[in-house]
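Following: one structure in structure tokens, then a few remarks.
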Number of protein chains: 2
Amino acid sequence: MRERLLAVATELFAERGFHGTSLQAVAEAVGIRKPSLLYHFPSKDALRDAVLDTMLGHWRADIAAVLARSRVRDQLTDVLAAMVAYFSEAPQRARLLLREALDNRVGLEARFRQHLEPWTGLLAEHIRRGQTHGVVREDVHPEAFILQMIVLGVGFVALSDLGDAVVAGAPHADANLHEILRIARTSLYRPRPAED
Amino acid sequence: MRERLLAVATELFAERGFHGTSLQAVAEAVGIRKPSLLYHFPSKDALRDAVLDTMLGHWRADIAAVLARSRVRDQLTDVLAAMVAYFSEAPQRARLLLREALDNRVGLEARFRQHLEPWTGLLAEHIRRGQTHGVVREDVHPEAFILQMIVLGVGFVALSDLGDAVVAGAPHADANLHEILRIARTSLYRPRPAED
DNA sequence: CCTACCGATCGGTAGG
DNA sequence: CCTACCGATCGGTAGG
């Protein structure tokens, strides 16, 4: 039951926001009464915390798996692609993250530090190594680059269905994903001799 | 008074969200009573509409001015820089936009179409012209590129104070802005012969 | 622009 | 896991 509540709460918080979702709505969606929900999670804030921790925990595990199996040269774009894939398979995750970044900055920051900093540190170090080997452009700012790629990946998934309205040509999701990876690759790696 | 209400409502909607902001809070912040607010704006939704229209109207005017005075070669990165500058001078604008993209998709889409489509069309055409002249990379997808740059610019400003938590190095705002422009430039334009 | 007031819904508790 | 209930606050109206 706890897991069903978490799944439904994730969905509703992502779609309508924390303040736009009542405990009543969550309880109703899983078929129990509100006070029963409050037996599993002692308050609405406790429910939010559990939702967030569960999601970031999954993300961390996902990224660790990609880092472990990816070849070094492709590691960075692989991680970006994995990130977009992770969020695309359930876009509510990206929306939830964006919402929490706006609604619950301090809470999200603490969790980011705890769950994500280990591997962003790895990636930054990786970029620096690529720079000394001449594979990565010298003018890349490692930390800033990683941050922008996260913004781009999360933002892309969360806002992808807005695309049609913003630009007339209405690129579909594939084109957008392809373009993100192209932007990342081109702005990160030095052109190889054969290219261009 | 109408303008003061709009300014305060923009601020509060951006910071706490539409559902997290009560009419009582808006009225109190400008020193009137709630029913008096409802004399100026007949409902909370009408207030939201007015806030959004005002902001997007300003943005459109801002972009038009930049397009008018910018040189052709730099037009795209100039627009991006102007966009980041516009949002940076009042980050609440970026947060408000992100929130509305999540909370009020259809309403925002309609306004985007109305306010922004004219100039995104211009920019896409501009990219295509750059491609036939060999200045812009052939593999750039114009519409997708523009969309990603908007996501990046808005997302960067709205989420910039999260940077410290995500990556250890804590790049400050200047480094992030510099990195965004570098990413845009590198992934858009073909390298000139002298470069690299 | 105000006071006074409305029904509905909010998060949460008591008690079983 | 439930019924019954709490005070507080919500958006909005009546009437001046």
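Worth knowing before you read on, the calculation uses all heavy atoms, side chains too, and leaves out hydrogens, waters and symmetry mates. The model shown is predicted, which means the values in this text are computed figures rather than measured ones. Below, chain A is the first sequence line, B the second, and so on; all start at residue 1.
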Return yes when atom CZ of A/Arg60 has more than 12 non-hydrogen atoms of other residues, nucleotides or ligands closer than 6.0 Å, and no otherwise.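 Atom CZ in A/Arg60 is crowded, with more than 12 foreign heavy atoms closer than 6.0 Å.
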Should the pair B/Trp119 and B/Trp59 be assigned to parallel (<30°), tilted (30 to 60°) or perpendicular (>60°) ring geometry?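 Judged by the thresholds at 30° and 60°, the geometry between B/Trp119 and B/Trp59 is perpendicular.
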Of the nucleotides C/dC1, D/dC1, C/dC2, which has the atom closest to the A/Tyr39 side chain?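 The answer is D/dC1.
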Would you mind telling me which of C/dC1, C/dT3, C/dG12 lies closest to the side-chain atoms of B/Arg33?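 Of the candidates, C/dT3 comes closest.
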Which part of the nucleic acid, if any, lies within contact of B/Ile32, taking any heavy atom under 4.0 Å across all strands shown: a base, the sugar-phosphate backbone alone, or nothing?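 The answer is sugar-phosphate, as B/Ile32 gets under 4.0 Å only of primed atoms, P, OP1 or OP2.
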Contact class for A/His19 (heavy atom, under 4.0 Å): base, sugar-phosphate, or nothing?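 Nothing, no nucleic acid heavy atom in range.
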Considering only NZ, NE, NH1 and NH2 on the basic side and carboxylate oxygens on the acidic side, decide whether B/Glu179 and B/Arg182 come within less than 4.0 Å.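 Between B/Arg182 and B/Glu179 there is a salt bridge, with a charged N closer than 4.0 Å to a carboxylate O.
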So, are A/Glu15 and A/Arg99 salt-bridged, with charged N and O less than 4.0 Å apart?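 So A/Glu15 does not pair with A/Arg99 through a salt bridge.
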How long is the line joining [atom1] of [X] and [atom2] of [N], in whole Å?
X: B/Phe41; N: D/dG11; atom1: CZ; atom2: C1'; result: 16 Å
X: B/Leu38; N: C/dC5; atom1: CG; atom2: P; result: 19 Å
X: A/His40; N: D/dC1; atom1: NE2; atom2: C1'; result: 7 Å
X: B/Leu37; N: D/dG11; atom1: CG; atom2: P; result: 10 Å

Give DNA chain D the dot-bracket treatment, 5' to 3': Watson-Crick (N1-N3 with N6-O4 or O6-N4) or G-U (N1-O2, O6-N3) under 3.5 Å, [ ] crossing, | other strand. ||||||||||||||||
Taking all atoms of both residues into account, what is the closest heavy-atom pair of B/Ala14 and B/Arg95, and its distance?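 Heavy-atom minimum between the residues: O-CB, 3.8 Å.
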Which atom of B/Leu98 lies closest to which atom of B/Val154, heavy atoms considered: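 So the minimum-distance heavy-atom pair works out to CG-CG1, 4.0 Å.
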So do B/Val84 and B/Leu181 actually touch side chain to side chain, heavy atoms under 4.5 Å?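 SC-SC contact between B/Leu181 and B/Val84 ruled out.
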Show your reasoning for whether side chain to side chain contact (heavy atoms under 4.5 Å, CB included) applies to B/Phe41 and B/Asp49. CA-CA 10 Å; B/Phe41 301 93; B/Asp49 288 348; over 6 Å; no
Between A/Arg111, A/His58, A/Arg48, which is the residue that forms a side chain to side chain contact (heavy atoms under 4.5 Å, CB included) with A/Asp53?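 Passing option: A/Arg111.
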Polar atom pairs between nucleotides 7-10 of chain D and protein, under 3.5 Å, N or O only, would you list them?
| residue | atom | partner | partner atom | Å |
| --- | --- | --- | --- | --- |
| D/dC10 | OP1 | B/Ser22 | OG | 3.2 |

